[in-house]
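Residue numbers count from 1 along this sequence. Whatever order the structure lists ligands and atoms in, that order sets their numbers, starting from 1.
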Amino acid sequence: MVPGIVSLAKRPLSERSRSTPESWRRSLADAIRDPNQLLSRLGLAADETRSPKLSQQFPLLVPESFLKRMRSGDINDPLLRQVLPIAEEDAEVAGFTIDALDEATFRKAPGLLHKYEGRALLVLTGACAVHCRYCFRRHYPYSQEPKRLDDWEPAFAALEQDESIHEVLLSGGDPLMLTDERLTTVVRRLESIPHLRRLRWHTRLPIVLPDRVTLEWLDLLTSTRLTSIVVVHANHPHELVADCALALRQLTQSGVMTLNQAVLLRGVNDSAETLVGLSERLIDLGIKPYYLHQLDRVAGTAHFEVPEETGLRLMAELRQRLPGYAVPQYVREVPGEAFKVPLVERSQLIAD
Ligand SMILES: *Cc1c(COP(=O)(O)O)cnc(C)c1O
Ligand code: SF4
């Protein structure tokens, strides 16, 4: 047996104080909702010009834990930039639309998106613990999706009828906004569908609200007959410290395959230094960098866009500086394509 595993089995899970349903719900209730309060906590001047109109439907939301990882006094802090509404969001830019991914077309039942072979996605909730300003689902019509557990039955029935589906993605919003009790009910229902083999959780809560990594959730991940895969979402190495790093360790030490997806964002992670740092930090925590997404062209997010040629140049540098397993796939979602389209440096293709 690997020595690390022996010592791990014996180590109590209490290096981080045990998080309970009460603690994460309290952290969520205490999250910051007022931009001026956020700025003042960081020693920055309140600025009235910073409230874009669009932010009324998608207001600021930042948990305390994420705030603690921002640098004081720096308006350009990469974590702050991800969550602070700024006037640029109101700019109307050609090509940036409300449903950039044409998701409405792939809705097979309320709350069920089926775009790719073998995999289907359940939009379990519209709620999130953080509001990322670049969010591609910021205009998603969540109010039309099921609310009570019974309302999910048509989606479960559709999954039951389609034997080509082997993997269900739990998404949102953030699926971990549901209580462990509720998630257990969903997982038990999915387990009863014989052709399902894998359950993939797409969540940013372990990053922004680390309290949410409860023992109950970890038990659920490891006790189901379905193979669990967790895809977290961090964009910058500064996110992967302190309570977040401890929560991620608990997750990876539970033996669940854990991946990360990031979005390439101007002013946040559009440098080779930052992306290398992100990958190294992830690998050190036992997490495999999965996707680096080209920004989806959603209204209100144009100021985050990094040109594809810049992304390709960054990728070429990542390949030089990192082991192959630490290089994410740089992809773009193209409506109608059968997979997320890899963006690959042309020079490499020619060299092959
Ligand atoms: C991104 C996505 C998936 C998963 O794609 P992978 O390439 O398997 O990560 C599945 N369904 C939908 C609707 C998606 O948007
Ligand atoms: S956590 Fe994900 S779904 Fe929620 S606001 Fe951020 S990008 Fe959007």
Side-chain angles (χ1 to χ4, degrees), residues 28 31 54-55 57-63 66 79 81-85 89 99-109 111-140 142 145 155 159 162 164-178 197-209 212 229-236 239 257 259-265 268 288-296 298 300-301 304 328-342:
L28 188 62
L54 275 175
S55 76
Q57 305 122 47
F58 194 62
L60 176 128
L61 182 63
V62 194
F66 198 66
L79 277 57
R81 187 168 160 81
Q82 292 179 54
V83 299
L84 182 68
E89 289 182 22
D99 182 11
L101 299 181
D102 198 18
E103 290 206 306
T105 317
F106 301 101
R107 202 161 166 273
K108 293 292 140 77
L112 183 69
L113 295 175
H114 187 194
K115 251 193 228 187
Y116 302 133
E117 191 173 325
R119 291 148 288 170
L121 183 151
L122 279 176
V123 179
L124 277 190
T125 168
C128 277
V130 67
H131 286 168
C132 310
R133 305 320 301 172
Y134 53 85
C135 181
F136 73 105
R137 291 228 174 92
R138 59 183 288 169
H139 309 289
Y140 191 91
Y142 288 115
E145 299 300 22
L159 287 169
D162 188 341
S164 75
I165 298 172
H166 301 298
E167 177 168 346
V168 170
L169 284 75
L170 302 180
S171 183
D174 202 304
L176 287 189
M177 291 295 279
L178 273 60
R197 298 205 298 266
R198 294 184 297 274
L199 192 54
R200 194 191 323 172
W201 303 71
H202 275 250
T203 174
R204 188 149 156 77
L205 261 63
I207 308 297
V208 298
L209 195 83
R212 182 62 187 87
I229 300 156
V230 175
V231 184
V232 296
H233 170 186
N235 298 309
H236 194 284
E239 291 168 50
M257 185 195 294
L259 313 170
N260 182 67
Q261 55 178 349
V263 183
L264 183 58
L265 299 167
V268 174
K288 160 95 181 80
Y290 179 37
Y291 281 149
L292 175 66
H293 290 272
Q294 178 66 13
L295 183 80
D296 295 318
V298 171
T301 68
F304 280 116
Q329 292 187 62
Y330 180 34
V331 293
R332 186 162 54 107
E333 189 150 348
V334 181
E337 286 294 337
F339 45 84
K340 313 234 190 260
V341 178

State whether Glu167 and Arg197 are salt-bridged, where the test is any N-O pair (Lys NZ or Arg NE/NH1/NH2 against Asp/Glu carboxylate O) under 4.0 Å.
no

Do Arg332 and Glu337 meet the salt-bridge criterion of a basic N to acidic O distance under 4.0 Å?
no

Would Tyr116 count as a contact residue for ligand 1, given that I'm defining contact as a non-hydrogen atom of the residue lying under 4.0 Å from a ligand atom?
yes

Tell me whether Asp174 contacts the main-chain N or O of Leu176 through its side chain, where contact means a donor paired with an acceptor under 3.5 Å.
yes

Considering only heavy atoms, does Tyr290 approach ligand 1 within less than 4.0 Å through its side chain, its backbone, both, or neither?
side chain

pair Gln82-Asn235: side-chain heavy atoms closer than 4.5 Å:
yes

Derivation of the side chain to side chain contact (heavy atoms under 4.5 Å, CB included) call for Val231 and Arg200
CA-CA 7 Å; Val231 184; Arg200 194 191 323 172; 3.6 Å; yes

Short version for Tyr291: what comes under 4.0 Å of ligand 1, heavy atoms counted, is side chain

Testing the 3.5 Å rule here: is there a donor-acceptor pair between the side chains of Tyr330 and Gln294?
yes

for atom 2 (C) of ligand 1, nearest protein heavy atom and its distance come out as Lys340 NZ, 2.6 Å

Just need the protein heavy atom nearest to atom 12 (C) of ligand 1, so name the residue and atom and give the distance.
Leu121 CD1, 3.7 Å

Consider only side-chain N and O atoms of Gln261 and His202, and report whether a donor and an acceptor are under 3.5 Å apart.
yes

Proximal atoms of ligand 1 relative to Leu169 (non-hydrogen, under 4.0 Å)
3 (C), 4 (C), 10 (C)

Nearest-0.5 Å distance that lies between atom CD1 in Ile229 and atom CZ in Arg198
6.0 Å

Atom 2 (Fe) of ligand 2: which protein heavy atom is closest, and how many Å away?
His233 ND1, 4.2 Å

Apply side chain to side chain contact (heavy atoms under 4.5 Å, CB included) to residues Phe58 and Arg133 and explain how you reach the verdict.
CA-CA 8 Å; Phe58 194 62; Arg133 305 320 301 172; 3.7 Å; yes

Have a look at ligand 1 and work out which part of His293, if any, has a heavy atom under 4.0 Å from it: side chain, backbone, both or neither.
neither

From Lys340 atom NZ to Gln329 atom CD, the distance as rounded to the nearest 0.5 Å
11.5 Å

Looking at Arg119, which atoms of ligand 1 are within less than 4.0 Å of one of its heavy atoms?
5 (O), 6 (P), 7 (O), 8 (O)

List-wise, which protein N, O or S atoms are found short of 2.8 Å from atom 8 (Fe) of ligand 2?
Cys135 SG

At a 4.0 Å cut-off, with the gap strictly under it, does some heavy atom of Glu167 reach an atom of ligand 1?
no

Less than 3.5 Å apart, any donor N or O on the side chain of His293 or Glu333 sitting next to an acceptor on the other?
no

